[in-house]
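Remember, it's a predicted structure, so these values are computed and weren't measured experimentally. Residues: numbered from 1 along the sequence shown.
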Amino acid sequence: MNSAKRGNIFILILILIMTLVPEIIGYLALHLNFKLTSVSAILIPQLGFIVIPVILYFMITRQPVKKTLLFNKLDIINVLLAIGIGLLIQPLLSLINLVSQIFFENKISGTIFTLAEFPLWLLLILVAVLPAINEEIVTRGILLTNYKNVNIFKAALVSGLSFGMLHMNANQFSYAFVMGAILFILVKITGSIFSSMLIHFLINGLQMVIAKLALFLQEIFGNSIDYDLIAQEAVSKDAIISLLPIPLILTFITLPLVFLLFYAAVKHNKKEYLFVKAPAEVIEPIKSKDKIFDVYLISSIIIFIAHVIIKEILVL
């Protein structure tokens, strides 16, 4: 079995798990009269839907864990470059998030503010540490290694696509897709999954810090926030559009800086050959190219689109 096919099968299995298992859990919760807590609603997908399949993947394929997951050290330059990229892509992701909310509901805004009542250390573990490890292992570890014989830009596109689909809603898909593609290319450049884990942690962690700060300010000024109402209310399109200029301006400022940092990363890691169509000197041997768009990937896309239509469009 070629590597790309193996990676696509793994993503299809994850998509099926994330589509079907929550429905089973919801059915059992309804008929057995129990309700998941906010913490368990995060832990079950992270540990049950990702960690267990990853363990089974390595047991079945017998692939070397360290080599597959690119557990390679980052030097201080790469750490600083990753931090810079992680901070500077935030306006772009915020802009995409806002634009997508014109068409699709933000499924996690209420959840974030509800979780803000927990201690910050617990928030960071649940929302920043676990996803940064688990989701990166899947999309910038297992997938990246399986796509090693695929054109870097095609592979980044599909990795971003898979990363977006694993969030199982249209709003998160929009910015996760872009983030996933960016992180895929960065890991190819640095040769270490720790670069994407660091950025993933920064992005999710900052969201929790901001939510915690909002709660802190609310306590100081005595304003009462109804988190259930936040979760239920849909923000008007006019309100969303009015917020667009700030992230749009910031994106125009920060995006060129992101490209500069990527250029610096390419030079520092001597990975120019990754972006040359016919390199004179090839450091990594070129093998026959794998077919990345196959029936398994197409099936994952169809299932995801059907899920969005049923859960987000038909319910309107």
- Before giving the answer on side-chain contact (heavy atoms from CB on, under 4.5 Å), spell out for E136 and L183 the whole-Å C-alpha distance, their side-chain angles and the decisive distance to 0.1 Å. CA-CA 9 Å; E136 293 307 311; L183 296 188; 3.7 Å; yes
Answer yes or no: does atom CD1 of I246 have more than 12 heavy-atom neighbours from other residues, nucleotides or ligands under 6.0 Å? no
Are the side chain of N106 and the backbone N or O of N171 linked by a donor-acceptor pair below 3.5 Å? no
message = Side chains of F49 and I44, heavy atoms from C-beta outward: is any pair under 4.5 Å?
response = yes
Checklist entry - Taking N134 for the side chain and I50 for the main chain, is one N or O donor matched with an acceptor at less than 3.5 Å? => result no
Quiz prompt | I303 side chain reached by L12 side chain, heavy atoms, under 4.5 Å | solution = yes
**Prompt:** Can you check whether Y296 reaches I15 side chain to side chain, under 4.5 Å on heavy atoms?
**Reply:** no
**OP:** Check the pair I301 / L161 against side-chain contact (heavy atoms from CB on, under 4.5 Å), numbers first and verdict last.
**Re:** CA-CA 9 Å; I301 295 171; L161 185 66; 3.6 Å; yes
Q.
Between S40 and T37, is the side chain to side chain donor-acceptor pair (under 3.5 Å) condition met? List the steps.
A. CA-CA 5 Å; S40 60; T37 64; 3.0 Å; yes
- Considering only heavy atoms from C-beta outward, does the side chain of F163 approach that of R140 to under 4.5 Å? yes
inquiry  = Does any part of the side chain of F262, heavy atoms only, come nearer than 4.5 Å to the side chain of I189, both counted from C-beta?
reply    = yes
Exercise for the section: For N146 and R6, indicate whether the former's side chain and the latter's backbone hold a donor-acceptor pair under 3.5 Å. Expected result: no
What one should report as the nearest heavy-atom pair of F71 and I193 is CD2-CG2, 3.6 Å
Please check if the number of heavy atoms outside Y263 that lie under 6.0 Å from its OH is greater than 12. no
N204 and P131 have their tightest heavy-atom pair at ND2-CB, 3.8 Å
Given side chains that start at C-beta, do those of S174 and V99 come closer than 4.5 Å, heavy atoms only? no
> Are L126 and L120 connected in the hydrophobic side-chain network, where two residues link if heavy atoms are under 4.5 Å apart?
Replying inline: yes
Could you tell me whether a side-chain N or O of H31 sits under 3.5 Å from a main-chain N or O of Y27, the two making a donor and an acceptor?
yes
Just so I know, are the side chains of V308 and N169 near enough to count as touching, which here means a heavy-atom distance under 4.5 Å? no
#### Entry: Contact check, side chains of I137 and Y57, non-hydrogen atoms, under 4.5 Å
no
*Indicate yes or no for a side-chain donor-acceptor contact from K107 to the backbone of Q172 under 3.5 Å, with no hydrogens or angles considered.*
no
Tell me whether F259 at atom CZ has more than 12 heavy atoms from other residues, nucleotides or ligands lying less than 6.0 Å away. no
### Query
Do S195 and I199 pass the side-chain contact (heavy atoms from CB on, under 4.5 Å) test, and can you show the C-alpha distance, the side-chain angles, and the key distance before you say yes or no?
CA-CA 7 Å; S195 58; I199 291 177; 5.8 Å; no
- Query: How about F304 and F173: are their ring centres within less than 6.0 Å of each other?
  - Reply: yes
One should read off an interatomic distance between I152 CD1 and L157 CG, to the nearest 0.5 angstrom, of 12.5 Å
OG1 (T254) and CD1 (I85) are apart, to the nearest 0.5 Å, by 12.0 Å
Examine L47 and I24 and state if one hydrophobic cluster contains both, with Ile, Leu, Val, Met, Phe, Trp and Tyr joined whenever side-chain heavy atoms are less than 4.5 Å apart. yes
To the nearest 0.5 Å, atom CD1 of I249 lies from atom CG of L244 at 11.0 Å
When clusters are formed by joining ILVMFWY residues with side-chain heavy atoms under 4.5 Å apart, either directly or through shared neighbours, do L43 and W121 land in the same one?
yes
Worksheet item: Taking 4.0 angstrom as the limit, do E272 and K267 come out as a salt bridge?
Response: yes
Shortest non-hydrogen pair, N8 vs S300, comes out as O-OG, 4.5 Å
task = Group every Ile, Leu, Val, Met, Phe, Trp and Tyr by side-chain heavy-atom contacts under 4.5 Å, then state whether I96 and L250 land in the same group.
result = no
Distance-only, no hydrogens or angles: does the S159 side chain make a donor-acceptor pair with backbone N or O of T139 under 3.5 Å? yes
request  = State whether the side chain of E312 and the backbone N or O of F104 hold a donor-acceptor pair below 3.5 Å, judged by distance alone.
outcome  = no
Tested for side chain to side chain donor-acceptor pair (under 3.5 Å) against N269, the lone hit among D75, T190, N78 is N78
With distance as the sole test, does S94 use its side chain to make a donor-acceptor pair with the main-chain N or O of Q90 at under 3.5 Å?
yes
(request) Can you establish whether the number of heavy atoms outside F252 located under 6.0 Å from its atom CZ is more than 12? (result) no
side-chain contact (heavy atoms from CB on, under 4.5 Å) assessment of F10 paired with L143:
CA-CA 9 Å; F10 183 62; L143 271 193; 5.8 Å; no
Nearest heavy-atom contact between F184 and A155 is CZ-CB, 3.4 Å
Heavy-atom closest pair (P64 atom, F58 atom, distance to 0.1 Å) is O-CE2, 4.2 Å
Interatomic distance, CD@E23 vs CE@M18, rounded to 0.5 Å, equals 14.0 Å
Output for pair (L144 CG, S196 OG), nearest 0.5 Å, gives 8.5 Å
Taking every heavy atom of A128 against every heavy atom of F201, the minimum-distance pair comes out as CB-CD1, 3.5 Å
d(I89 CD1, L257 CG) to nearest 0.5 Å is 13.0 Å
**Asked** Is it true that L186 and F275 fall in one hydrophobic cluster, defined by side-chain heavy atoms closer than 4.5 Å?
**Response** yes
